[in-house]
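The figures that follow rest on heavy atoms only: side chains count, while hydrogens, waters and symmetry mates do not. The sequence lines fix the lettering, A, B, ..., with proteins before strands; numbering per chain opens at 1.
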There are 2 protein chains.
Amino acid sequence: MNTQELNKVNLNPHVSVDCVILGYDSNELKVLLIERKYSEENENGQAHNPKLDIALPGNLVRDDEDLDTSAKRILKELTGIDNIYMEQFRAFGNPNRVRKEQDAEWLKTMRTDPQARVITIAYFALVKLEDYVPRADSFARRSEWYPIKKVPKLAFDHNEILEQALQVLKFKVTHYPLGFELLPEKFSLGQLQRLYESILGDDLDKRNFRRKMKSLKLLIPLKEKQQGVAHKPAELYMFNMKVYEQLQGGILK
Amino acid sequence: MNTQELNKVNLNPHVSVDCVILGYDSNELKVLLIERKYSEENENGQAHNPKLDIALPGNLVRDDEDLDTSAKRILKELTGIDNIYMEQFRAFGNPNRVRKEQDAEWLKTMRTDPQARVITIAYFALVKLEDYVPRADSFARRSEWYPIKKVPKLAFDHNEILEQALQVLKFKVTHYPLGFELLPEKFSLGQLQRLYESILGDDLDKRNFRRKMKSLKLLIPLKEKQQGVAHKPAELYMFNMKVYEQLQGGILK
DNA sequence: CAACTTAGTGTTATTTTGACACTAACTAGG
DNA sequence: CCTAGTTAGTGTCAAAATAACACTAAGTTG
């Protein structure tokens with residue numbers, strides 16, 4: 001490959017971060033999605049036919065920020081949440097992954113070359129829904145929690161990104177006790193089990209699950225019970241942060 | 001954040017792919033590294049003080065290619081190897097990860113904005129050293145295998161990238177039977193065990209290792225023995241591709 | 001107080017793991 | 001040709017982890 005060829009083929013791409021922000025509520029796993037307005041363009045470059053679609057929250061990475069920082073900023077702008085479990089899991093870079101007509105307006109806003117492709121670094125985040133305060137992002141776009149099973153068709157390749165995030169989560173949750181990140185501070189073993197079941201998409205044996213969880217020594221039993229439920233109230237537990245931190249690097253051998 | 005702010009902060013970055021290409025030979029894990037020439041620049045932008053350093057093979061992603069395609073192209077250009085196990089494992093995007101003085105010449109070759117930062121998508125690849133035919137890359141840079149334990153200081157953040165690749169490999173090899181990708185077609189259980197030991201950096205019990213491997217049903221015993229070794233010759237095995245493919249998605253439950 | 005709902009608990013059989021030591025087969029060198 | 005050196009190959013037992021399985025307890029509602 002010589003320099004001429006390079007001139008042809010290398011237009012710097014845009015780089016964005018997209019976040020798969022997962023929460024858990026009413027025994028359902030949910031994902032935070034935003035509405036995105038865009039207009040198609042006619043051949044004169046004029047906008048027409050305004051449309052709305054739904055997407056994962058994301059934005060361009062700023063020049064002066066680290067990828068992780070960028071992901072945290074975007075999460076903060078959108079949800080106000082700070083300081084939570086977040087992890088980069090994959091870059092997506094199919095040259096056609098952002099359809100130009102769909103994205104023209106957004107790219108113009110950025111004043112960058114609208115011809116360039118967009119490569120995105122995908123992150124996933126786990127949040128406690130109780131902590132979440134809804135907030136429009138810096139472009140005043142509405143955001144909403146969607147149950148995983150009811151996610152509509154998303155912009156670009158965002159359905160695929162979401163799908164892969166869920167795969168990764170499934171894998172991780174069987175190896176690291178990540179489930180806690182999604183639950184309120186005090187929780188019952190039943191809640192924890194239902195969370196695992198909705199992540200793994202499979203039923204677990206109650207007694208085996210409890211034995212396993214207790215053997216990890218991650219649970220601090222509170223001397224407290226559920227209130228106001230129409231059945232036997234469950235004992236509540238807290239999560240033992242100290243033991244968790246010692247596990248960094250894995251439960252697995 | 002308004003549009004003016006965006007103008008300031010968003011200069012499109014360069015996006016490159018860096019490959020951690022691992023091979024196994026003489027009971028050692030090795031990584032393929034290239035020599036990189038560069039010149040520092042003085043304040044007038046003139047090159048002086050030509051230097052050489054050692055780096056992971058990598059290059060800019062072309063406009064029209066997928067990230068995976070790009071990684072495969074780079075591997076092919078450098079080694080002639082095609083069609084092997086390769087996997088994206090992480091994007092690195094610290095804004096200062098590519099020092100400008102070190103990289104000025106390379107970026108100029110590309111005719112892109114030398115002010116822009118470089119974000120890289122890192123891949124790792126496993127190759128059978130027996131298949132490898134050394135080859136200079138398109139910039140005629142020399143390449144060489146370095147034993148993992150003797151890797152020198154590398155350009156940019158490449159030591160960190162390598163380190164993380166090894167972590168990922170360590171993890172994967174305990175969950176998926178990837179080891180085979182690194183061995184010749186016919187191999188002995190002793191070779192396989194030594195490979196695992198050098199990846200994991202720990203000794204394994206011979207009898208337990210063999211029991212485990214045999215239980216996976218991935219080995220086809222050939223009715224053939226090692227030739228010309230100064231000790232009891234080992235039985236040779238092949239790897240059962242069919243069973244392996246059925247395991248896609250994991251050995252783990 | 002009956003019906004309903006979810007919480008909580010223990011045993012057994014099976015599988016998996018980890019620890020451990022000797023004999024077999026070949027070559028090289030005297 | 002025999003000895004020394006080297007790696008290959010093999011089995012058992014105890015401990016730990018897993019999977020399958022069913023009943024009673026504690027609360028609320030109507």
Side-chain angles (χ1 to χ4, degrees), chain A residues 24-28 173-177 179 183-184 186-198 200-238 247 250-253, chain B residues 24-28 173-177 179 183-184 186-198 200-238 247 250-253:
Chain A
Y24 182 70
D25 183 35
S26 322
N27 296 338
E28 270 188 320
V173 95
T174 60
H175 292 274
Y176 307 83
L183 290 177
K186 299 173 181 183
F187 54 87
S188 71
L189 288 173
Q191 283 177 284
L192 186 58
Q193 181 175 348
R194 282 187 295 274
L195 168 61
Y196 271 75
E197 287 172 339
S198 60
L200 299 176
D202 206 359
D203 288 351
L204 302 173
D205 180 273
K206 183 160 53 156
R207 282 178 286 193
N208 293 339
F209 180 80
R210 293 162 102 94
R211 172 161 40 86
K212 182 71 184 171
M213 281 300 151
K214 284 176 179 169
S215 79
L216 294 178
K217 315 271 186 197
L218 280 166
L219 301 178
I220 303 171
L222 305 170
K223 293 179 196 320
E224 203 175 335
K225 294 185 179 185
Q226 268 182 324
Q227 297 287 328
V229 286
H231 54 76
K232 179 175 176 178
E235 295 287 338
L236 295 179
Y237 293 81
M238 265 184 56
L247 285 176
I251 291 179
L252 65 150
K253 326 173 235 315
Chain B
Y24 182 69
D25 183 35
S26 322
N27 296 337
E28 272 188 319
V173 95
T174 60
H175 292 276
Y176 307 84
L183 289 177
K186 299 172 180 183
F187 54 87
S188 72
L189 288 173
Q191 281 177 285
L192 186 58
Q193 182 175 348
R194 283 187 295 274
L195 168 60
Y196 271 74
E197 287 173 341
S198 61
L200 299 176
D202 207 358
D203 289 351
L204 302 173
D205 180 273
K206 182 161 53 156
R207 282 179 286 198
N208 293 339
F209 180 80
R210 293 163 102 93
R211 172 162 39 108
K212 183 70 184 171
M213 281 300 151
K214 284 177 179 169
S215 78
L216 294 178
K217 314 270 185 199
L218 280 165
L219 301 178
I220 302 171
L222 305 169
K223 293 179 195 321
E224 203 175 334
K225 295 185 179 184
Q226 267 183 325
Q227 298 287 326
V229 287
H231 52 78
K232 177 173 178 178
E235 296 286 338
L236 296 179
Y237 293 81
M238 267 183 56
L247 285 177
I251 291 178
L252 66 150
K253 324 171 236 314

What one should report as the nearest heavy-atom pair of A/Y176 and A/Y196 is O-OH, 4.3 Å

Just the table, please: protein N/O against nucleotides 1-4 of chain D N/O, every pair under 3.5 Å.
none

Contacting residues from residues 200-211 of chain B, given that a heavy atom lies under 4.0 angstrom of DNA chain D
B/K206, B/R207, B/R210

Which residues pass the side-chain hydrogen bond (donor to acceptor under 3.5 Å, both in side chains) test with B/E197, not counting sequence neighbours?
B/Q193

Please report, rounded to the nearest Å, how far the P atom of D/dT7 is from the CG atom of B/L192.
17 Å

Can you give me the closest heavy-atom contact between B/L183 and B/Y24, atom names plus distance?
CD2-CD2, 3.8 Å

Side chains of residues 217-231 of chain A: which donor-acceptor partners sit under 3.5 Å, not counting sequence neighbours?
| from | atom 1 | to | atom 2 | distance (Å) |
| --- | --- | --- | --- | --- |
| A/E224 | OE1 | A/K186 | NZ | 3.2 |
| A/E224 | OE2 | A/K186 | NZ | 3.1 |
| A/Q226 | OE1 | A/A234 | N | 3.0 |

Let me know the distance between NE2 of A/H175 and P of D/dA17, rounded to the nearest Å.
16 Å

Between N or O atoms, less than 3.5 Å apart, protein on one side and nucleotides 25-28 of chain D on the other: list the pairs.
| from | atom 1 | to | atom 2 | distance (Å) |
| --- | --- | --- | --- | --- |
| D/dA26 | N3 | A/K232 | N | 2.9 |
| D/dG27 | N2 | A/A230 | O | 2.9 |

Partner residues of B/D25 under the salt bridge (charged side-chain N to carboxylate O under 4.0 Å, His left out) criterion, sequence neighbours left out
B/K30

Select base, sugar-phosphate, or nothing to describe what A/E235 touches, counting heavy atoms under 4.0 Å on all strands.
sugar-phosphate

For D/dT18, take OP1 and OP2 only and decide whether either is under 4.0 Å from a side-chain N or O of A/K212.
yes

Give the rounded distance in Å between these two atoms: CG of A/L216 and C1' of D/dA17.
12 Å

Measure the distance from CG on A/L236 to C1' on C/dA7 and round it to the nearest whole Å.
12 Å

Separation of D/dA8 atom P from B/Q226 atom CD, nearest Å, is 7 Å

